[in-house]
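Report on the structure given below.
The shown structure was predicted, so the numbers you read here are calculated from the model rather than taken from an experiment.
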Amino acid sequence: MKLRIAILSTFVFMTCIGACSSNPKMHYYLLDSDFKVNSQINMKNKIMLEDIVVPMYLKQSKIVLREKKQKIALARFHSWGESLPHQVKRLLLNYLNSENDATGFVKECDKCKKLEIEINHFYPTSEGDVFLNGYFYLRENGKILLVEHFYIKKELEVGGYDEAVKKMSMALVDLANDISNKLKEH
Amino acid sequence: MSKGIPKAEIVKRSKFSKIWILPIITIIIGGGIIIDKIANQGMKIELIVKSAEGIEAAKTKVKLKAVDIGIVKSIHFNNDASRVVLRLEIEKEMSKFINKDTKFWIVKPRVTSSEVSGLGTILSGSYISILPGDSKRKYFRFNALDSPPIDFTSQNGTRFTLFSTEKKALNVGSKIYYKGFEAGSIEAIDYDRKDDTVLYQAFIKDPYDEMLSSSTHFWNISGISIQPSQSGFKLNFKSIDSIFGGAIEFGNLKNRKPSTSKPLASKVRLYSSKEDMLNHSVEDYIEVLAFFSTSISGLKSGASVEFKGMRVGTVGETISLEDMISLREKGNVKEEGSIAISLRIEPSRFVLTSEKLAIERVEQYFKTQIENGMQATIKPTNILTGTTKVSLDYSKSKVSKVKIIDGKIVIPTGGIKFFKLANSVGEILNNLSKAKIKETVDDLREVLAGLKPNSGVYKNMEKTMDNIQTLLEEVRPVLKRMENEPNSFIFGDSSDPDKIPQAKE
């Protein structure tokens, strides 16, 4: 009886050890780990940045990789440390305020212009590209003042998720610059 | 020479070879296993259902009081494919619960106005529940119920029928209250074609059924009622349940304790409201006739009869034209076009010690007051709705002898008192201005603004829904993995590692 218990326990223990050792490590990423320190935000001329609109397949924590034209894969061991729309909004607020002295970009505002950003595609591909595309709108009192389409492409030099996230972050910085320029022209 | 050769020893050979021991043991063990399996085989039955939604063969369980007692073995169509036949296997020890009266139903999420149940099955999956019957007869083919049956065995109490002449206002499951306590519920609803009434089978649980007697009355308390009062408008409703699912309250009339000598009848009237109950449930009253030559517009059956502002009775049912003509002739009523109205003077509305004595005393007092000049006049109750009531006042003209027609006292009548109308209107307008309507509307406007699409509350709700949706998206792959590869949670995932984004070529 004791021998049987010993054999069974050893089997279970070995199985557990085997199970534990077979899982790879989880990696978590943040887009805005390189943030700029803004000295002062202009509160006289404010624009409210609305919550970023992303498609359903980006509304989860796993990093999306485009394998082929219509095929995507969700990475199981490479995840965002925070929800993607929140990170994007925080990064954009940071960079928009650092690029603009005349205008202050805020999260909430009662009566001011509203900037809406809708992202349609935002992912690295297995061929070594990073895409960011979508639209942004400027509204005031429900009326659309400005509509612009954006398409930003970056290339991976080394490959891997680390560089992919870095390039995605750079794409967002380019978007912030693009928005700033368009708003200045308007 | 013959001494050197050993003599062979002849040993009798056994007919049974030892080589057969192992096969024989194997056969015995195998036979034992087969016999054991057959002996412990569960009871096989068939259950006919309308749809097998949520049911899976070899997965869906059969349960009694949340304990597994069987499983669905297979799912088939019947001969004409109009129904689905589930083949169930019930564990041998549990087959004693399966008999001709046993009821089966599928437990799945149910959301109705009076019931929310089965939400646990959203994650665990639907299952089949049973309610054992009392029959001694075994049965092997059953029809599933559309909804869970009423369990008559689990609670002590009293069952009876409520009937209503109004349209159906309650649902199965609507609560019955006694002094604010949930005392029972409606178990079933039916329609009586013969009497054109809606029948509600009611159950009052122990110990509230001790309050039931022949003097108990039931009234509907569903929905919300708005009553104007001196301080403004009063909103009345029993509970959120009663607004949407309907509810009933019961009690005994004022100053009356439950009658211990007379039990509740098996069929009891359900009044449309407490007021309706008070108007119609009074058993002892003095019937009085009044012939009005003025308009009786706004005067309805059930309206109040008041004396010096105190309600003393009720306007009775409408008198038919033939009866009215007959009464006029008998009473020698000379005013042309006068309309006969039946009034009930109800002694139970006064605080008296003895009911029997009260009627005779009130009748005598009434006659005396008529002789002293008491008359009935129609007065407005509510200018906005146009309803009126009967008021008993004194005039200067006295009556020498009180007229009696068919055993009913006839009370003289006066005209509608318009000169007090202006005062009533002023009083109402004054009350309305005190009701702080403007402040209430402003508050309401503020609350509604908080619920607009751009408001903080709305945005928070949107964010919360978004977060829930994101969470569900996160959980979905885990559930899929649980369904397809449950062993991967212990032995690790056998699928390929993540694909890595490559450098641009």
Charged N to carboxylate O below 4.0 Å: is that the case for A:Asp162 and A:Lys166? no
Would you confirm whether A:Asn133, through its side chain, and A:His121, through its main-chain N or O, come within 3.5 Å as a donor-acceptor pair? yes
Output the option from A:Glu163, A:Arg66, A:Glu108, A:Met56 having the highest count of non-hydrogen pairs under 4.5 Å with chain B. A:Met56
So, does A:Glu116 use its side chain to make a donor-acceptor pair with the main chain of A:Tyr137 at under 3.5 Å? no
Interface residue of largest heavy-atom contact number with chain B, from A:Pro124, A:Gly160, A:Ser126, under 4.5 Å: A:Gly160
Restricting to non-hydrogen atoms, name the atom on A:Val64 and the atom on A:Leu58 that form the minimum distance, rounded to 0.1 Å. CG2-CD2, 3.9 Å
Are the side chain of B:Gln502 and the backbone of B:Ile500 linked by a donor-acceptor contact shorter than 3.5 Å? yes
Part of A:Ser61 within contact of chain B (heavy atom distance under 4.5 Å): both
Checking A:Glu157 against chain B: side chain, backbone, both or neither under 4.5 Å from a heavy atom? backbone
For A:Asp129 versus B:Lys504, what's the shortest heavy-atom pair and its separation? OD2-NZ, 2.9 Å
So does A:Leu96 get a backbone contact from the side chain of A:Ser180, meaning a donor-acceptor N/O pair under 3.5 Å? no
Under 4.5 Å from a heavy atom of chain B, the part of A:Glu67 involved: side chain
Looking at A:Met168 and A:Trp80, what are the two nearest heavy atoms and their distance? CE-CZ2, 3.7 Å
Which residues, numbered in order, of residues 138-155 of chain A come under 4.5 angstrom of chain B by heavy-atom distance? A:Glu155
Given heavy-atom pairs under 4.5 angstrom as the criterion, report whether the side chain, backbone, both or neither of A:Ala73 touches chain B. neither
Is the ring pair A:Tyr29/A:Tyr161 parallel, tilted or perpendicular, if the boundaries are 30 and 60 degrees? tilted
